[in-house]
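Protein chains get the first letters and strands the later ones, always in sequence-line order, with residue 1 at the start of each.
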Amino acid sequence: MSTQTDQPSFVDRYPEEAAVVRRSLLVAFVMLGIGALMGLVQALHRTNVLRIIDSADYYTVLTAHGVFLAIVFTIFFLVGLYQWAVTRSLDRSPVDIRFTHAWATMMTVGSLMAGAAILLGFIDEVPVSADVLFTFYAPLQAHPIFYAGLAIFIVGTWMAGADWFRTWLAWRKDNPDERIPLQTFMVLTTMIMWYVATLGVAVEVLVFLLPWSLGLIDSVDPLLTRTLFWFFGHPVVYFWLMPAYLLWYTVMPKIAGGRLFSDPLARVVFILFVLLSTPVGIHHQYVDPGIAQGFKFIAMTNTMFLLLPSLLTAFTVVASIEHGARQRGGTGLFGWLTALPWRDPAFTGMALAGLLFAAGGFSGMVNAGMNINYLVHNTLWVPGHFHLTVGTAVALTFMAGTYWLWPQLTNREIYSRPIALAQVVMWFGGMALMSNAMHVAGLFGVPRRTAEPQYSFDFPALFGTIGELRLQIAVGGTLLFISTVLFLSNLAFSLGTPKREGFGQTIPPALSGPEDSPAVLDNMKLWAAIAVVLVVLAYALPLGAIISDNGLFGVGIEPYPMLVRPLFDWAGATLAGLAEVIA
Amino acid sequence: MSGTTVPAESNETEAEPSVSAATGQEEIQRELSHEEYDPKGTLALILIYFAILMAMWVFMYFVEFLGNELVVVG
Amino acid sequence: MHIHSYEKLWLGMALLLIVGFIGTITYGTVGAGVQMVDDSGGNVEPGNVSEHEEFGEPGVEKVGENEYDVHVVARQFVFNPGSEVYGAIEVPVNSTVNFYVTSADVIHGFSIAGTNANTMVIPGEVAEITIETEETGEYGIVCHEYCGEGHHNMEGLLRVVPEDEYNGSTQ
Ligand code: HEM
Ligand SMILES: [Cu+2]
Ligand SMILES: [Cu+2]
């Protein structure tokens with residue numbers, strides 16, 4: 001990759017900010033590596049290809065996989081990317097970089113605490129564990145440092161949002177009449193959504209689970225805490241997706257040699273996410289007892305309308321790429337596809353990610369379909385679905401985006417473009433194989449989250465196919481793991497390529513620019529207010545009904561700690577042990 | 001450092017190639033404005049996607065789901 | 001704000017798709033009669049399950065001409081009845097079966113493998129689902145929600161037997 005430009009790169013212009021971005025991405029990639037290893041163990045274990053762990057430990061592995069990948073990897077990448085996007089598009093530094101360092105530190109400390117609680121579950125001698133999976137449904141109970149770590153992590157993300165809002169307000173003072181640059185617009189709308197969404201999990205953890213794990217309250221209501229979890233659990237999906245969309249809308253047209261087709265439509269899409277992401281969480285509870293069918297129906301209609309922004313995105317993004325292809329000489333109804341820069345791993349990775357997202361979109365429509373949820377709920381279909389969305393549309397876009405972003409953050413070239421290209425193609429192939437087999441196995445009734453789905457009865461599949469599906473999952477998972485290793489090692493070698501100039505990149509303006517759109521789109525307060533109203537409308541009645549049935553803290557619910565001794569005993573034992581060592 | 005001013009959103013048409021591009025990647029050959037460009041290929045692709053979605057939905061809902069055993073009726 | 005005519009077309013089609021999905025699902029509820037698990041099962045304290053009128057002695061009970069109530073208690077890591085230690089659940093073919101499932105400890109799942117009968121089992125709540133048995137045969141039952149380190153051992157069996165072989169007891 002010897003493309004030379006005369007623009008100064010991001011790190012030339014904003015060295016301190018580039019350092020924050022780099023560090024966030026590095027944390028994200030370390031988590032990706034650990035998570036992928038866990039994924040490999042799962043794929044081989046549950047297909048009975050290779051069982052190196054005890055089946056009881058499978059759930060420790062699965063908790064680590066879910067938390068490290070779906071929470072830590074995705075969100076650390078997000079904060080890194082968004083720090084870059086805000087700085088670049090406003091062309092200005094944070095108001096106080098120390099605050100920027102503070103939130104990055106908070107998030108790291110929180111992740112380390114939660115991560116330690118999970119991984120200590122492997123060591124039987126240490127009575128700390130958090131084998132509660134990333135959904136941590138009560139009354140399964142994790143060690144308090146797991147919940148405390150999560151809380152600190154989330155507060156860190158809130159501070160990050162505050163930092164970006166502050167930067168924007170400062171910019172606004174100097175530029176009172178300008179439209180918000182698109183990337184900053186995307187960051188701000190994402191964070192409004194996030195503030196609304198995280199209310200659910202903040203209440204769940206701070207009011208219920210953390211005090212309960214410390215023994216301050218006796219009991220929590222499983223249905224209520226679970227409903228609060230999903231209040232957050234659906235919008236978090238869009239928290240993963242919106243940074244990927246930011247890359248698709250603003251970076252992908254650039255590397256395709258084209259321009260964004262419509263800036264106003266991109267804004268409309270992000271506003272729809274702010275409004276509709278949260279009042280839909282009950283769609284994860286379609287088959288929960290204790291929630292009336294009417295509430296489920298409302299969640300279903302809201303969810304279906306939430307398809308709209310993604311369907312619009314499909315058009316705008318593909319049209320922007322087609323624009324690039326035609327500017328690069330592409331012709332014909334489909335012939336232009338050959339004029340795309342397929343040898344650029346950043347482009348190919350994002351394009352393949354988008355392709356699998358189109359397939360994942362379909363299985364998501366099935367998940368969303370209320371009564372058809374009976375067919376797929378908690379079967380392997382569901383992880384089949386979200387490995388296409390968060391596991392590919394998001395994860396592969398992030399990796400592909402890194403090939404483009406990293407040189408601008410370091411002034412160093414990516415070690416090997418061909419390896420990068422092989423890596424993204426391998427992820428695509430591995431995931432197509434694994435995810436397709438998971439979908440099909442799910443239709444036969446094979447459950448998810450299970451170490452040994454070999455029961456004393458047979459799943460009603462055609463003879464022999466369950467064995468084939470297992471093999472596809474194992475092979476797909478192995479390809480994915482190799483792909484992750486290629487990504488990480490390519491990046492590690494890129495730390496040592498020679499430094500040079502000329503990695504600056506500009507992002508071309510949209511074909512139809514922001515001046516074409518009504519100014520009300522930029523009114524953040526208005527959208528935040530409407531989002532809150534919609535959430536109240538969707539959740540006041542269901543939450544009220546649960547609380548009036550069960551009370552706030554449930555009736556007669558015993559905790560089922562996933563640890564052997566409570567915190568204080570453990571601290572005591574540790575101190576005693578230390579004293580012995582010193583003496 | 002941020003004193004070196006490069007407009008964030010440059011209107012310059014000669015955009016530099018992607019830093020991740022392969023050596024010798026084709027350059028942009030012509031400029032297409034909003035007026036000159038109709039995304040015909042995109043429309044064709046998205047219509048195909050629409051047809052697939054409809055067919056798959058009907059299959060999943062009416063064959064796989066309603067045709068499955070033990071439908072929950074109450 | 002000028003939107004390209006193709007984009008307007010796609011917006012219209014996307015809305016059509018969404019309305020079509022909602023329409024299908026409404027048909028499933030109203031036309032095909034598929035009902036979601038809801039709050040009709042009521043509540044039961046997990047600690048008091050063994051003293052509960054029905055869940056104290058869970059099992060199959062004939063409640064009408066061709067209608068049976070089946071009360072099931074899920075606990076780490078068995079279904080009572082359903083799992084081997086308690087015996088399979090047995091019901092006759094061509095009958096209406098109302099399942100009432102609750103948990104005595106943590107959250108579990110209750111899924112009759114490969115069929116549409118599938119519900120969460122949440123402590124404090126009673127999941128009520130009604131099915132119609134149309135064919136004889138054996139169906140596996142799995143707990144499909146992680147419930148602790150023995151989760152993968154939590155399974156059961158449902159036997160749908162011909163009317164004349166049905167002897168009215170759980171075995
Ligand atoms: C090396 C690549 C990967 C492999 C081989 C892999 C494999 C798997 C498998 C087999 C499961 C199902 C386990 C079960 O239900 O018993 C699973 C679950 C899951 N995976 Fe992955 N995965 C990979 C990458 C990812 C990525 C990149 C993400 C997200 C960014 C992700 C997120 C998840 C989540 C959230 C679950 C569900 C955990 C739960 O049920 O609690 N995975 N993965
Ligand atoms: Cu959701
Ligand atoms: Cu279980």
Side-chain angles (χ1 to χ4, degrees), chain A residues 1-3 5-8 12-15 88-93 181 254-255 257 261 314-315 318-319 322-323 326-329 332-334 336-337 339 341 343-347 358 362 365-366 369 371-372 374-375 403-404 407-408 414 417 420 443 503-509 511-512, chain B residues 1-50 52-57 59-62 64-73:
Chain A
M1 284 183 251
S2 52
T3 328
T5 72
D6 48 15
Q7 310 279 353
D12 294 334
R13 308 184 56 223
Y14 295 103
R88 193 206 71 82
S89 66
L90 294 179
D91 199 10
R92 101 187 267 138
S93 297
K254 191 252 148 49
I255 48 189
F261 191 54
F315 189 95
V318 177
E322 184 185 348
H323 180 252
R326 297 207 185 273
Q327 290 205 128
R328 292 153 48 87
L333 195 56
F334 298 111
W336 56 274
L337 287 165
R343 290 193 301 145
D344 182 338
F347 176 80
F362 175 72
M365 292 167 192
V366 171
N371 33 40
I372 196 176
Y374 276 131
L375 180 65
Y403 291 134
W404 182 78
Q408 306 174 53
I414 294 293
R417 190 187 52 81
L443 290 180
F503 288 113
Q505 293 274 281
T506 49
I507 291 182
L511 280 171
S512 162
Chain B
M1 269 313 258
S2 54
T4 43
T5 44
V6 173
E9 236 63 68
S10 126
N11 257 309
E12 208 181 314
T13 42
E14 265 325 281
E16 74 291 330
S18 154
V19 283
S20 47
T23 0
Q25 178 172 302
E26 298 274 313
E27 301 263 315
I28 294 174
Q29 303 178 352
R30 57 178 165 187
E31 287 287 331
L32 277 175
S33 73
H34 200 240
E35 289 67 39
E36 296 164 315
Y37 168 57
D38 287 322
K40 286 204 188 68
T42 302
L43 184 67
L45 288 177
I46 211 120
L47 290 178
I48 295 171
Y49 183 51
F50 185 82
I52 295 174
L53 285 180
M54 297 267 277
M56 294 272 288
W57 174 260
F59 172 74
M60 284 300 296
Y61 200 92
F62 293 97
E64 288 284 332
F65 171 55
L66 289 181
N68 197 8
E69 287 181 274
L70 306 187
V71 174
V72 177
V73 292

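B/Ser18 and A/Gln505 share no side-chain donor-acceptor pair at under 3.5 Å.
Taking 4.5 Å as the limit, some side-chain heavy atom of A/Leu375 sits within range of a side-chain heavy atom of B/Met60. Annotation: side chain of B/Glu36 is not in contact with side chain of B/Glu31 (no heavy-atom distance under 4.5 Å). Under the 4.5 Å side-chain criterion, counting only non-hydrogen atoms from C-beta, B/Pro39 is not in contact with A/His323. Using a 4.5 Å heavy-atom cutoff, the side chains of B/Leu45 and A/Phe334 are in contact.
With sequence neighbours excluded, the residues satisfying side-chain hydrogen bond (donor to acceptor under 3.5 Å, both in side chains) with B/Gln29 are B/Glu26.
Contacts between A/Phe347 and chain B at a heavy-atom distance below 4.5 Å are absent for every atom of the residue. Using a 4.5 Å cut-off between heavy atoms, B/Leu70 does not touch chain A at all. Only the side chain of A/Leu443 comes within less than 4.5 Å of a heavy atom of chain B; its backbone N, CA, C and O stay farther away. For B/Tyr49, the part lying near chain A is the side chain, with the backbone staying farther off; criterion is any non-hydrogen pair under 4.5 Å. Residue B/Ile46 touches chain A through its side chain alone, counting heavy-atom pairs closer than 4.5 Å. In this structure, the portions of A/Phe315 lying under 4.5 Å from any heavy atom of chain B include both its backbone and its side chain. The parts of A/Trp404 that come within reach of chain B are both its backbone and its side chain, each placing non-hydrogen atoms under 4.5 angstrom from that chain.
Side chain of A/Arg326 to main chain of A/Ala339: no donor-acceptor pair is present (N/O by atom type, distance under 3.5 Å, no hydrogens or angles).
Among the candidates A/Glu322, A/Arg328, A/Lys254, the residue making the largest number of heavy-atom pairs closer than 4.5 Å to chain B is A/Glu322. Chain B forms the most heavy-atom pairs under 4.5 Å with one residue out of A/Ile255, A/Leu511, A/Leu337, and that residue is A/Leu511. Across B/Met56, B/Glu69, B/Lys40, B/Glu35, the residue that shares the most heavy-atom pairs under 4.5 angstrom with chain A is B/Met56.
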